[in-house]
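Numbered from 1 within each chain, the chains take letters A, B, ... in sequence-line order.
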Protein chains: 4
Amino acid sequence: MSAPSPARRTGRPRSPEADRAILDATRAALVELGWGKLTMGDVAARAGVAKTTLYRRWANKNELVVDAVAALFDEHLDLPDLGSLQADVEGVVLRFAALLERPETKTALMAVVAESTRDDALRERIRDAIVDRQKRLVLLGRERAQARGELPREEDPSAAARTADLIFDVIAGAVVHRTLVSAEPVDREWARGFTTLLVGGLTSTQPSGD
Amino acid sequence: MSAPSPARRTGRPRSPEADRAILDATRAALVELGWGKLTMGDVAARAGVAKTTLYRRWANKNELVVDAVAALFDEHLDLPDLGSLQADVEGVVLRFAALLERPETKTALMAVVAESTRDDALRERIRDAIVDRQKRLVLLGRERAQARGELPREEDPSAAARTADLIFDVIAGAVVHRTLVSAEPVDREWARGFTTLLVGGLTSTQPSGD
Amino acid sequence: MSAPSPARRTGRPRSPEADRAILDATRAALVELGWGKLTMGDVAARAGVAKTTLYRRWANKNELVVDAVAALFDEHLDLPDLGSLQADVEGVVLRFAALLERPETKTALMAVVAESTRDDALRERIRDAIVDRQKRLVLLGRERAQARGELPREEDPSAAARTADLIFDVIAGAVVHRTLVSAEPVDREWARGFTTLLVGGLTSTQPSGD
Amino acid sequence: MSAPSPARRTGRPRSPEADRAILDATRAALVELGWGKLTMGDVAARAGVAKTTLYRRWANKNELVVDAVAALFDEHLDLPDLGSLQADVEGVVLRFAALLERPETKTALMAVVAESTRDDALRERIRDAIVDRQKRLVLLGRERAQARGELPREEDPSAAARTADLIFDVIAGAVVHRTLVSAEPVDREWARGFTTLLVGGLTSTQPSGD
DNA sequence: GGGTAACCGAGACGGTACGTCCGGTCTTCAA
DNA sequence: TTGAAGACCGGACGTACCGTCTCGGTTACCC
């Protein structure tokens with residue numbers, strides 16, 4: 001948040017230690033208990049903080065958990081250039097899978113998404129905090145592939161956006177489904193198979209074209 | 001094989017009407033309230049049944065909802081032969097999306113999956129009741145495509161299984177992600193774009209081959 | 001009940017063993033659990049009998065418990081002539097106290113009486129089964145004392161009845177209060193003190209007289 | 001003597017209004033429903049209070065009802081000097097009877113006493129809150145009678161205590177038995193007859209003496 | 001360096017749902 | 001028709017959380 005908190009000047013400032021302790025405690029509770037059993041009282045106790053202090057910062061459980069999980073997605077977002085489209089995609093698949101296999105994300109992500117089907121504000125928050133950050137990697141990967149000549153440049157910007165969305169849904173969806181629904185590991189072999197399929201599709205045709 | 005009634009003889013038998021009424025009430029409550037607000041007491045009241053009667057059959061909310069949702073997957077499982085691999089895949093994509101866009105599945109499915117990350121018995125139940133039924137469509141579609149000569153026959157059965165799993169994760173994952181995370185509709189255009197990408201990948205390469 | 005059940009001839013006759021087993025089980029449960037925790041299901045299980053069998057014989061918990069307790073009051077009703085009013089009263093006091101100190105009566109009696117404050121039929125049943133049987137002892141004792149010349153004969157029968165009621169309330173009330181409320185034992189010393197007080201009052205004045 | 005607030009400092013203090021509202025509601029519910037039908041949820045609703053608030057103060061129905069009834073015994077505890085032993089005893093008898101005939105005490109007292117036969121803590125609470133307060137009247141009455149010269153002074157303090165206990169059991173027991181078991185009213189006539197009997201006994205002999 | 005406004009901990013509060021238990025009834029099969 | 005078994009409805013139980021509130025007490029900033 002770049003905007004400096006608009007109207008707060010006087011009075012005792014909020015403790016930044018409390019912020020950190022609460023988010024840490026939330027993640028720890030998530031790992032131990034899962035979304036369903038996590039309680040605000042327990043998080044407060046773990047953080048050595050009063051419940052009031054939680055509610056002064058987050059309006060409810062959902063918002064707290066989304067923020068706690070979102071922080072995990074801040075890290076691991078760089079995508080080094082691996083030299084080819086195939087290698088870049090494999091890289092992002094493995095990176096995303098590694099994130100999803102961490103116990104705190106595993107439970108939290110689906111639970112938060114489930115909750116968001118009934119709560120537009122929550123969905124917006126998830127999109128900002130989690131989804132769009134992942135999508136940037138796709139855009140970056142395509143940029144590189146086009147620079148290398150592996151993929152043609154798309155003139156129509158709306159078609160380009162549609163294609164990027166599609167690719168993102170395919171990558172993220174496949175990894176999530178493999179990890180959380182099929183409950184099978186995303187290992188190097190699976191990543192190669194999936195990437196080969198995807199890159200084959202991308203290069204053989206122009207999905208949104210024509 | 002012989003006597004399918006393993007253990008119950010004495011006492012009043014459970015009412016099959018109650019079973020039906022409870023599952024119907026669960027689906028209705030899911031539509032109106034969503035997973036989060038659904039309560040056992042409310043379901044019982046809708047079904048005209050005592051709470052005891054629910055708990056005699058299902059140990060908790062999760063199991064009840066899985067069974068209630070699973071019944072929806074029993075219908076809509078046929079896949080008419082549409083004449084080509086492309087058409088068959090488009091068909092299954094649209095059919096699956098239609099299911100996911102129904103309000104009772106939308107919330108319930110993700111919530112139950114989220115819960116299953118902490119509960120192996122629940123995951124097993126989901127797999128049996130929901131996932132494997134969908135996967136059968138993929139196997140059927142491949143069978144037809146091979147019969148038509150659109151796809152080569154895979155000799156190694158374990159490689160064949162791996163490929164089927166991959167395709168299933170890609171299709172189901174992409175549709176779920178598009179519907180629930182991106183929260184965009186799976187319309188005919190998106191289905192065509194996705195299918196083109198997938199079929200392109202399948203025919204241009206042998207994903208698990210080599 | 002002397003009247004032979006009017007209209008029952010055909011079908012399987014009721015098991016008299018069940019009757020006994022149920023009443024025994026009720027008393028046992030009363031001792032272990034007290035009135036409040038006693039449950040019909042538990043009694044049935046102890047008696048090795050189905051709940052149906054209980055309800056075929058008694059309309060509800062109260063009736064069952066009253067009958068079970070009443071049976072205890074059937075015994076111990078004889079009052080041997082001890083030669084003097086003082087000795088006779090002491091005898092009845094000790095006998096009644098012995099009954100009240102048995103664990104099954106201790107809890108049950110007060111509980112049933114408490115229940116009866118809201119239920120006239122129950123009060124009637126208690127009067128018939130328990131109270132009036134005790135009162136007979138008082139009448140018998142007075143009869144003897146009058147025969148011995150220790151007490152004058154009362155001409156007015158309604159005044160005589162009033163006096164007998166008073167004496168009964170005093171004796172029974174004092175013993176019950178000592179035993180259950182003060183929770184102190186009714187030993188020989190207390191019985192002698194109480195009897196001296198009562199007999200002193202009876203002989204020094206004509207309580208209901210004028 | 002100095003600081004009577006032993007242990008509570010931090011946190012929001014308990015609402016004294018809630019205390020009062022709950023006890024009032026309990027008495028009202030007792031009048032309308034009786035002990036057996038009184039429920040914690042109903043009391044909470046009448047008091048405009050959450051069930052939690054009840055359970056934070058009283059562990060169960062018994063304790064709550066004892067306290068609610070005990071408050072009634074706080075009022076009506078004065079015993080004006082009526083000039084003679086006979087008049088004082090008649091006074092206390094009628095006063096006690098008036099209390100017992102109120103619908104909220106009628107059911108509650110016996111039920112709680114019944115429960116106390118299984119629960120020592122409850123008996124202690126009843127003794128402190130109810131029994132001992134009544135007993136003070138007996139001691140006061142004797143004091144006056146001795147001052148007037150109607151009764152001799154007892155030298156041995158333990159014998160004095162025993163006599164007081166006896167008189168108390170006789171008075172309270174007789175009134176309770178008349179009211180709740182015999183279910184007959186304690187009117188002026190009965191009170192006079194009973195008092196005559198008791199005072200006759202007290203003055204004609206020294207019950208515990210010799 | 002004294003106000004003061006916002007902070008913090010503790011914990012009570014109203015509410016809602018939980019999952020269990022029991023009372024009393026009903027239904028099935030067997031004796 | 002009785003009996004055992006056990007499902008059924010209704011309703012209270014006591015507990016657990018949620019999110020709010022009210023205490024006494026603690027900082028940082030600003031004048």
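The CH2 atom of W58(A) sits 15 Å away from the P atom of dT20(F) (whole-angstrom rounding). Rounded to whole Å, the distance from CZ on R14(B) to P on dA5(F) is 17 Å. Atom-to-atom, CZ of R56(B) to P of dT20(E) comes out at 12 Å; the value is rounded to the nearest Å. In this structure, the CG atom of L54(A) is 11 Å from the P atom of dC8(E), given to the nearest Å. Distance, R57(D) CZ to dG11(E) C1': 12 Å, rounded to whole Å.
Looking at N62(A) and W35(A), their side chains come closer than 4.5 Å, going by heavy atoms from C-beta outward. Side-chain contact check for D24(B) versus R27(B): some heavy-atom pair is nearer than 4.5 Å.
If you check residues 19-33 of chain C against DNA chain F, you find no residue with a heavy atom closer than 4.0 Å.
Across dG9(E), dC13(E), dG23(E), the shortest atom-to-atom separation from the side chain of A50(A) is found for dG9(E). Of the candidates dC8(E), dG23(E), dG14(E), dG23(E) carries the atom nearest the K61(C) side chain, counting heavy atoms from C-beta on. The side chain of M40(B) lies closest to dC18(E) when the candidates are dC22(E), dC18(E), dC18(F). For V49(C), counting side-chain heavy atoms from C-beta on, the closest listed nucleotide (dC8(F), dA4(F), dG3(F)) is dA4(F).
For the pair A47(A) and G41(C), nearest-nucleotide mapping onto DNA chain E gives the more 5' position to A47(A). Looking at which nucleotide of DNA chain E each of S15(D) and L38(C) is closest to, the 5′-most match is held by S15(D).
Base pairing in DNA chain E yields stems of at least 3 consecutive Watson-Crick or G-U pairs, both distances under 3.5 Å, namely E:1-31 with F:1-31.
Checked by atom type and distance alone, the side chain of D42(D) never pairs as donor or acceptor with a backbone atom of A45(D) at under 3.5 Å.
Every residue meeting the side-chain hydrogen bond (donor to acceptor under 3.5 Å, both in side chains) condition with D67(D), not counting sequence neighbours, appears here in chain and number order: W58(D), R125(D).
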Run the side-chain donor-acceptor check on residues 110-119 of chain C: report pairs under 3.5 Å with partners two or more places apart or on a different chain.
from    : atom 1 : to      : atom 2 : distance (Å)
S116(C) : OG     : V113(C) : O      : 2.6
T117(C) : OG1    : A114(C) : O      : 2.7
R118(C) : NH2    : V31(D)  : O      : 3.1
D119(C) : OD1    : A121(C) : N      : 3.1
D119(C) : OD1    : L122(C) : N      : 3.1

Can you give each donor-acceptor pair under 3.5 Å made by side-chain atoms of residues 48-55 of chain A, sequence neighbours left out, with the distance rounded to 0.1 Å?
none

Problem - Heavy-atom protein contacts under 4.0 Å, nucleotides 25-30 of chain E, coded B base, S sugar-phosphate only, - none - result: BBBB--
